[in-house]
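Remember, predicted model here, so these are calculated numbers, not experimental data. First the proteins, then the strands, lettered A, B, ... as listed; each starts at 1.
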Amino acid sequence: SAMGCKNCCSICLQCLFGYETNVMLVINNKGVGALFRLIQFMIIAYVAVYVCWIQRAYQDTDSVISSVSTKVKGNILTNTSIEGVHVWDVPEYVIPPQGEKSFFVLTNVIPTPGQTQSKCPEIPSEVTKCESDSDCIEGHTEVHGNGVQTGHCVQYSDTIKTCEVHAWCPLENDTIIPKPALLGAAEHFTVLIKNNIQYPKFNFRKRNLLHHINSTYLKNCTFDRKTDPHCPIFRLGHMVTEAGEDFSVMALKGGIIGILIDWNCDLEFPERFCIPKYSFSRLDNKNPENNVAPGYNFRFAKYYKNNKSIETRTLIKAFGIRFDVIVFGMAGKFNIVPTIVNLGAALACLSLVTAICDWVMLTCMKDLKCLWLNHFHVVPELLPGDCYL
Amino acid sequence: SAMGCKNCCSICLQCLFGYETNVMLVINNKGVGALFRLIQFMIIAYVAVYVCWIQRAYQDTDSVISSVSTKVKGNILTNTSIEGVHVWDVPEYVIPPQGEKSFFVLTNVIPTPGQTQSKCPEIPSEVTKCESDSDCIEGHTEVHGNGVQTGHCVQYSDTIKTCEVHAWCPLENDTIIPKPALLGAAEHFTVLIKNNIQYPKFNFRKRNLLHHINSTYLKNCTFDRKTDPHCPIFRLGHMVTEAGEDFSVMALKGGIIGILIDWNCDLEFPERFCIPKYSFSRLDNKNPENNVAPGYNFRFAKYYKNNKSIETRTLIKAFGIRFDVIVFGMAGKFNIVPTIVNLGAALACLSLVTAICDWVMLTCMKDLKCLWLNHFHVVPELLPGDCYL
Amino acid sequence: SAMGCKNCCSICLQCLFGYETNVMLVINNKGVGALFRLIQFMIIAYVAVYVCWIQRAYQDTDSVISSVSTKVKGNILTNTSIEGVHVWDVPEYVIPPQGEKSFFVLTNVIPTPGQTQSKCPEIPSEVTKCESDSDCIEGHTEVHGNGVQTGHCVQYSDTIKTCEVHAWCPLENDTIIPKPALLGAAEHFTVLIKNNIQYPKFNFRKRNLLHHINSTYLKNCTFDRKTDPHCPIFRLGHMVTEAGEDFSVMALKGGIIGILIDWNCDLEFPERFCIPKYSFSRLDNKNPENNVAPGYNFRFAKYYKNNKSIETRTLIKAFGIRFDVIVFGMAGKFNIVPTIVNLGAALACLSLVTAICDWVMLTCMKDLKCLWLNHFHVVPELLPGDCYL
């Protein structure tokens, strides 16, 4: 019937626009009320101060993508008995020369010039000393040896015999490390670090040569935490000192220094507040008890051909400091998803407050308990005996 | 008593299986009801569209781990007055030669052949010009100089005297950069980039040589955003153009180009939809006001020994373009934790709706307010005077 | 009036300390009650077991920052008809020599000694063979060629004529790869990997040379998953085997092996439980159908000057295995924000339980429905006819 349909429509509309709310009970007790407000306040304060202000949990984050190029400057003059006067410039002491984000600066050198492929006695050690050919095994390679044994036992010096090896001869003798370090003056070298970063999610780009710094300043400045905190030119010695090390000691056997550039930025603020923070720390372990191959060194060779077209080489055991530029950071910007998640979570926790107060009330305060239970519970069997109306 | 125990058990069971629900009040007002439904709808729409569809917040994510190898191809013939006809091949112009993810292609060269360790006058500049020996300090090293001063003032040319230095002589004179760039034809070189990635959390591996591409195609293709978007062979000139630069200009002084490979994947979809997106951008700053050492260059040397066993070297100031392959991306896959977190947060926000509507009702609509308050509040003192029954 | 103000204050205080709680209805039905408790239990179990225990969602996380240095040891003697007896040591077969986190070990070699800048016939192929000068284009560069064509067609051998090129001549002929690999014995080489990591957010540092390992042990151990899982010295052959490859096969054409170091740590536990887990996998694709340039190789050259000061070079096509040390990991530590977020989300989901049970009750159980509706709904028109009091 038309009446029925009209009724039906009315019910539908009521259904659609009927608004549901929880029935609330306001209990007028100062104790529980104060507890209720206190917990409510604590949760709201936590959300406002810690989540929003300190942790910035309303932000979406992105990791930094970075590009680094480095350029070392400086010259050193050395005067040794073997090589005489020698000036070291950048192409000689920076390895590799390309100026990438990890660069090695030579500080100490054990050169072995004139090596050719031939046979010679091994450097004496526990395992290489011998009495006769029977102590040497043809084709054998010692783990810490310099070549492949020929099977012969030959004179190393007047008194010592060692196994002969096929190798680049004469062998390197690295038992004595030059002290002080040959290129200890490398601490006065400077390095220019150019670092461009981007946060692709926020389409944000910046470089460590900040806008407000002019070219004249850049040509003469060196980094100093107090006076020149934004100068991208660093003195090697200064970085090592800031890492808590002594350059002259470190130069002897080498090591690894991390140049950490921290680009943590809050992109809610203007772009000029996003500036890099530099810090330095030694990345390898200095003097632990259980160390193998302490310091940082490697061997490389320069190859020559002599008049007779025989290949000779100068082997160089290079000690030095490897500088690793490590760029890290997160940028944050307001995003609705983390905001909703954190807000929702806080709201859900607010609902816990009511549960806690209910529990306090029910356990501690008999009068209120009865009031509450009498009015709204419909299961009389569950009411405690002293609450019955 | 048995009776008591039975009663006790019954209470326990009731306690355990008694189900608690909020008492709801349905208010039949079109205004508030419409507001209620509208806000509810907005929140549900936000969750469905933005959180689930756009941000894919129901997914757990993992960062990409990648391995890159590169191989450049191409030859150039140059004809200069100093060196004559010279063909440059890959081992000469790609530095380092290993084909790592960052490779440098030589585009311009200032060679200084025949350098030996000796003494020579400095290149003239403000600080190196001198009148007499007293203007030069023995052992002094100029920051932008080429060696260590001997303390003598000598003739550089007929008219100019400069301080003499210990150095690799003759000194490099890099004031005139060849123009056009010596190896400007490098724009026709191609580079094959092989990139294998994995998302360890999801045990997913893929490479940029996609399955559906066959070997014949790979041998002849070059990358083009429209016609060959999946070809892993790139023409250097094309990449520089896509980065918005002019190769012939950039070749003069060098620079850094980023080859960005974006592996963002939704692993809910089949594996074949996870394909790399290539983009190119210049990473160093071209022409800012406050620049030091613009472009990209470094010096390296080839060492020789001449007949008399004296070491000579050819110093090369190398200008060129460093290509940095930067692989980034996040993969997402359904995970119950972020789903619950986002769902829970949305639900908690839905509970806000009721609070908002309550507030609207209590402030705006007197009649409903009285109805609500009369029925369910037990604190008559709080009721406004006009609501008393 | 004073009375009014007193009343006003009282209302304010009541407002401030009035505590609001939802009015609850306890329904005593075993079916719905059991369902209610079951869902409640499932959600609480999910939170406790999965979120807290397995996913550790109460933790804040940080990504690892790492520094790696490597050092290879070993010597090989080869005896070839071209070069005679030759001993290969580390400076010759490890490229680059610095011991960075990605290092290449030479396993196979095609040397081309005595190259000079001159003219010579191309290596015969489909595109380089010619009949007369008209088949060759002056200045043309073949994509897979070795130089720049002079425009002449010359004898390559008695029967074959090819286009002449400006190039480093004689050209390399890499059609025949030495088999077995020249330096196949490289599988016995060992590499020491030193890895220092830090989690800056938690101020946590550690290295892969663990505290409880002493120097004597480190000098003689090699990594073995069962007997020496913490030894940082790895035999190359062992790593390749663990990656599921055959060293002698891989040595022929080269490849890329990833040394994955997993530093995932739960910093709730003492520091000694945070130990690296090593795994190995091949990163390039071995034998897919659509491969270009399979394996891993590159060319480099050693430059010499002969008596007449003409530059000659030895070109080396180097096949070998690149080892990429990939350090990854996340550290987690308790933090209040993710805890609150996850707890809040779980609580919000618990509120869903009530909604589900209400729906079950309203649809399935007529009696309870009427009870519920009669007592608390104030809109009689909406009550079903059979519920009227």
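Between chain C and the residues A:Arg322, A:Glu142, A:Met330, A:Lys302, the largest count of heavy-atom pairs under 4.5 Å involves A:Arg322. Most heavy-atom pairs under 4.5 Å with chain C, from the set A:Tyr303, A:Tyr296, A:Phe300: that is A:Tyr303. Contact tally against chain C (heavy-atom pairs below 4.5 Å) for A:Arg299, A:Gln117, A:Arg313, A:Glu311: the top residue is A:Gln117. No other option in C:Asn195, C:Val68, C:Asp60 has as many heavy-atom pairs under 4.5 Å with chain A as C:Val68. For the set C:Lys73, C:Lys194, C:His86, the count of heavy-atom pairs under 4.5 angstrom toward chain A peaks at C:His86. In terms of heavy-atom pairs under 4.5 Å with chain A, the best-connected choice from C:Val87, C:Ile65, C:Leu77 is C:Val87. In terms of heavy-atom pairs under 4.5 angstrom with chain A, the leader among C:Arg205, C:Lys71, C:Gln98 is C:Gln98. Per-residue heavy-atom pair counts under 4.5 Å with chain A were compared for C:Asp89, C:Val90, C:Ile76, and the maximum is reached by C:Asp89.
With hydrogens and angles ignored, the 3.5 Å screen pairs a side-chain donor or acceptor of C:Thr339 with a backbone N or O of C:Tyr58. Proximity of a side-chain donor or acceptor of A:Asn146 to a complementary backbone N or O of A:Leu171 within less than 3.5 Å is not detected.
Between C:Trp88 and A:His166, a ring centre-to-centre spacing not shorter than 6.0 Å is recorded.
Heavy-atom distances place no part of C:Val72 under 4.5 Å from chain A, backbone and side chain included. Neither the backbone nor the side chain of C:Ser63 comes within contact range of chain A; no heavy atoms are under 4.5 Å apart. For chain A, no part of C:Tyr217 is nearby; none of its heavy atoms comes within less than 4.5 Å. Of the two parts of C:Asn335, only the side chain, counted from C-beta on, holds a non-hydrogen atom closer than 4.5 Å to a non-hydrogen atom of chain A. Using a 4.5 Å cut-off between heavy atoms, C:Val85 contacts chain A through both its backbone and its side chain. Both the backbone and the side chain of C:Glu100 come within less than 4.5 Å of a heavy atom in chain A. For chain C, the nearby parts of A:Ile95 are the backbone and the side chain; heavy atoms of each come within less than 4.5 Å. Looking at A:Tyr304, only its backbone comes within 4.5 Å of chain C, counting heavy atoms on both sides. Contact of A:Ile326 with chain C is made through the side chain alone, with heavy-atom distances under 4.5 Å. Looking at A:Ser102, both its backbone and its side chain come within 4.5 Å of chain C, counting heavy atoms on both sides. A:Leu315 touches chain C through its side chain: at least one heavy atom from C-beta onward sits under 4.5 Å away, while N, CA, C and O do not.
Within the 4.5 Å cutoff, the side chain of C:Lys333 has no heavy atoms near those of the C:Tyr199 side chain.
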